[in-house]
Amino acid sequence: MPLTSPKEMFEGAYQGEYAIGAFNVNNMEIVQGIIQAGEAEQSPLILQVSAGARKYAGQKYIIKLMEAALEEADLPIVLHLDHGQTFEICKEVIQGGFTSVMIDGSHLPLEENIALTRQVVDYAHDQGVWVEAELGRLAGVEDEVSSEENVYTDPDEAAEFVERTGCDSLAIAIGTSHGAYKFKGKPQLDFDRLEKISSMLPGYPLVLHGASSVLPEFVAMANQYGGSVADAVGVPEDFLRRAARMGVCKINIDTDIRLAMTAVIRKYFKEHPQEFDPRKYLGPARQAVKDMVQHKIKNVLGSSNKV
Ligand code: G3H
Ligand code: 13P
Ligand code: ZN
């Protein structure tokens, strides 16, 4: 099966009130773990690549890994650019074969965000490529994506933004953030705001970034085996189920993959200090990615058996 567009995936997700997981990939073990989970659950998948991941692995390697994945697994799979910052990067990945891009103009003033998004939409739609845009801003720091503050999405502005840009899906800010430290106190999302945005844009797919749950078992394991991931808090999984019933069709998960791999590798190193064969620790790390992603698909996103 060739790489596909999110269109049909999101139509099914919207109608069926579930979400498609968009998992960040950086290397072979991560790709394999996610694909194995998708196969086990017969779930559609979005694999997404940030600018940092593209720099780390190289676009050619990513594309070849995806080709291998598509030969192995008979699943609908989207290859998506995560947080594209410029028109040029979107154009480059589209030329490389990505079937979906995010143009992230969320740091720009509204009119500039609209103009940049429109430019990407015009180019991408000519090539049959899907465009996700962002309105509002998520707090959190990643390699190439960072913001100090959260700016929640305004529902009226969201409707105007979609109308004027022609973007196919919209990432919104309702209280999630990137990374492992999402909430100071009790986790809270602005579901009233989500409901308003959803009702302004009926049938339209929304996207939730910063949606890792920062699973306590992996935080505890990382800390037990020499890590220092203190006070990490993520989005409770029942919040994600709720969002999936309110028009959120794509849920982005990266931090949970990072934590699962790191925790398992730390444990392995501590228990096998004499070992130095990377396959010995990358194998269990890949298995941890598979198990974690399978859990998300089955128990959180609800996308099992939707292929
Ligand atoms: O939203 C950002 C993703 O988690 C990617 O992070 O820029 O460190 O690859 P990165
Ligand atoms: P997390 O940091 O919560 O995994 O969010 C990932 C993300 O939004 C990628 O775009
Ligand atoms: Zn993001």
Side-chain angles (χ1 to χ4, degrees), residues 6 19-27 30-31 33-34 45-59 61-62 78-86 89-90 93 98 100-107 131-151 153 169-183 187 189 206-216 218-219 222 229 232-237 239-240 243 248-263 288-289 292-293 295-297 300-301:
I20 310 294
F23 301 99
N24 285 73
V25 298
N26 289 277
N27 68 6
I30 297 176
V31 171
I34 296 165
L45 292 170
I46 299 174
L47 271 60
Q48 57 186 10
V49 180
S50 70
R54 191 164 165 262
K55 216 184 276 172
Y56 174 79
Q59 180 164 309
Y61 281 86
I62 303 244
V78 167
L79 180 57
H80 174 77
L81 172 70
D82 192 26
H83 294 285
Q85 300 280 327
T86 61
I89 187 174
C90 292
V93 303
F98 281 48
S100 175
V101 295
M102 175 188 191
I103 178 67
D104 181 359
S106 61
H107 53 288
V131 179
E132 172 184 326
E134 177 164 332
L135 188 66
R137 207 175 314 137
L138 265 66
V141 181
E142 306 288 308
D143 248 12
E144 312 253 338
V145 187
S146 68
S147 169
E148 302 256 306
E149 38 151 23
N150 243 314
V151 180
T153 307
S169 52
L170 186 68
I172 53 162
I174 56 164
T176 62
S177 58
H178 291 119
Y181 308 96
K182 299 189 190 296
F183 303 99
L189 294 186
L206 301 173
V207 178
L208 205 57
H209 281 244
S212 278
S213 294
V214 188
L215 297 161
F218 292 122
V219 174
V229 191
V233 188
V235 182
E237 291 186 333
F239 283 19
L240 301 175
V248 171
C249 294
K250 172 173 178 274
I251 288 190
N252 284 12
I253 296 173
D254 187 1
T255 297
D256 282 342
I257 296 174
R258 297 176 179 197
L259 282 169
M261 291 187 92
T262 302
V289 172
M292 188 278 291
V293 170
H295 156 71
K296 293 280 176 185
I297 289 172
V300 185
L301 305 166

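In each ligand, atom 1 is the first atom listed, and ligand 1 is the first ligand listed.
Ile257 is not listed as a side-chain neighbour of Asn26, based on a closest heavy-atom distance of 4.5 Å or more. The shortest side-chain heavy-atom distance between Val207 and Met102 does not fall under the 4.5 Å cut-off. Taking 4.5 Å as the limit, some side-chain heavy atom of Val25 sits within range of a side-chain heavy atom of Val49.
We find the OG-CD distance between Ser169 and Glu134 to be 11.0 Å, quoted to the nearest 0.5 Å. Between atom CG of residue Leu47 and atom CD1 of residue Ile62 there is a gap of 9.5 Å, rounded to the nearest 0.5 Å. To the nearest 0.5 Å, atoms CG (Asn24) and CD1 (Ile30) are separated by 8.5 Å.
Not one N or O of His209 is nearer than 3.5 Å to an N or O of ligand 1, by distance alone. Polar contact with ligand 2: present for Thr255 (N/O pair, distance under 3.5 Å). Geometrically, ligand 2 and Asn24 share no nitrogen or oxygen pair separated by less than 3.5 Å.
Residue contact annotation: Arg258 has a non-hydrogen atom under 4.0 Å from ligand 1. For Arg258, the heavy-atom gap to ligand 2 stays at 4.0 angstrom or more.
Which parts of ligand 2 touch Lys182 is read off a 4.0 Å heavy-atom cut-off, strictly below it: atoms 1 (P), 2 (O), 3 (O). Atom numbering of ligand 2 starts at 1 in the shown order; those under 4.0 Å from a heavy atom of Gly179 are 2 (O). Interface atoms of ligand 2 facing His209, defined by a heavy-atom separation under 4.0 Å, are 8 (O), 10 (O). Interface atoms of ligand 1 facing Asn24, defined by a heavy-atom separation under 4.0 Å, are 3 (C), 5 (C). Interface of His178 with ligand 2, defined as ligand atoms under 4.0 Å from a residue heavy atom, comprises 2 (O), 5 (O), 6 (C), 7 (C), 8 (O), 10 (O). Short contacts between ligand 1 and His83, defined as distances under 4.0 Å to a heavy atom of the residue, involve ligand atoms 1 (O), 2 (C). Distances below 4.0 Å separate heavy atoms of His83 from the following atoms of ligand 2: 10 (O). Each of the atoms 3 (C), 4 (O), 5 (C), 6 (O) of ligand 1 lies under 4.0 Å from some heavy atom of Asp254. If you number the atoms of ligand 2 from 1 as listed, the ones under 4.0 Å from a heavy atom of Ile253 come out as 4 (O).
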**OP:** Dump the intermediate steps for side-chain contact (heavy atoms from CB on, under 4.5 Å) on His83 and Ser50, then the final yes or no.
**Re:** CA-CA 6 Å; His83 294 285; Ser50 70; 5.8 Å; no

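Shortest distance from the Zn ion (ligand 3) to His209 is reached at ND1 (N/O/S atoms only). Between the Zn ion (ligand 3) and the N, O or S atoms of His83, the shortest distance is to NE2.
No side-chain donor-acceptor contact under 3.5 Å links Ser106 to the backbone of Arg137. Of the possible donor and acceptor atoms, one in the side chain of Lys182 sits under 3.5 Å from a partner among the backbone N and O of Ser177. Panel note: side chain Ser212, backbone Thr255; a donor-acceptor pair is recorded below 3.5 Å. At distances below 3.5 Å, at least one donor-acceptor pair connects side-chain atoms of Thr153 with backbone N or O atoms of Ala173.
Counting heavy atoms closer than 4.0 Å to ligand 2, residue Ala211 contributes backbone atoms (N, CA, C, O) but none from C-beta onward. The proximity of Asn252 to ligand 1, defined as any non-hydrogen pair under 4.0 Å, does not occur for either the backbone or the side chain.
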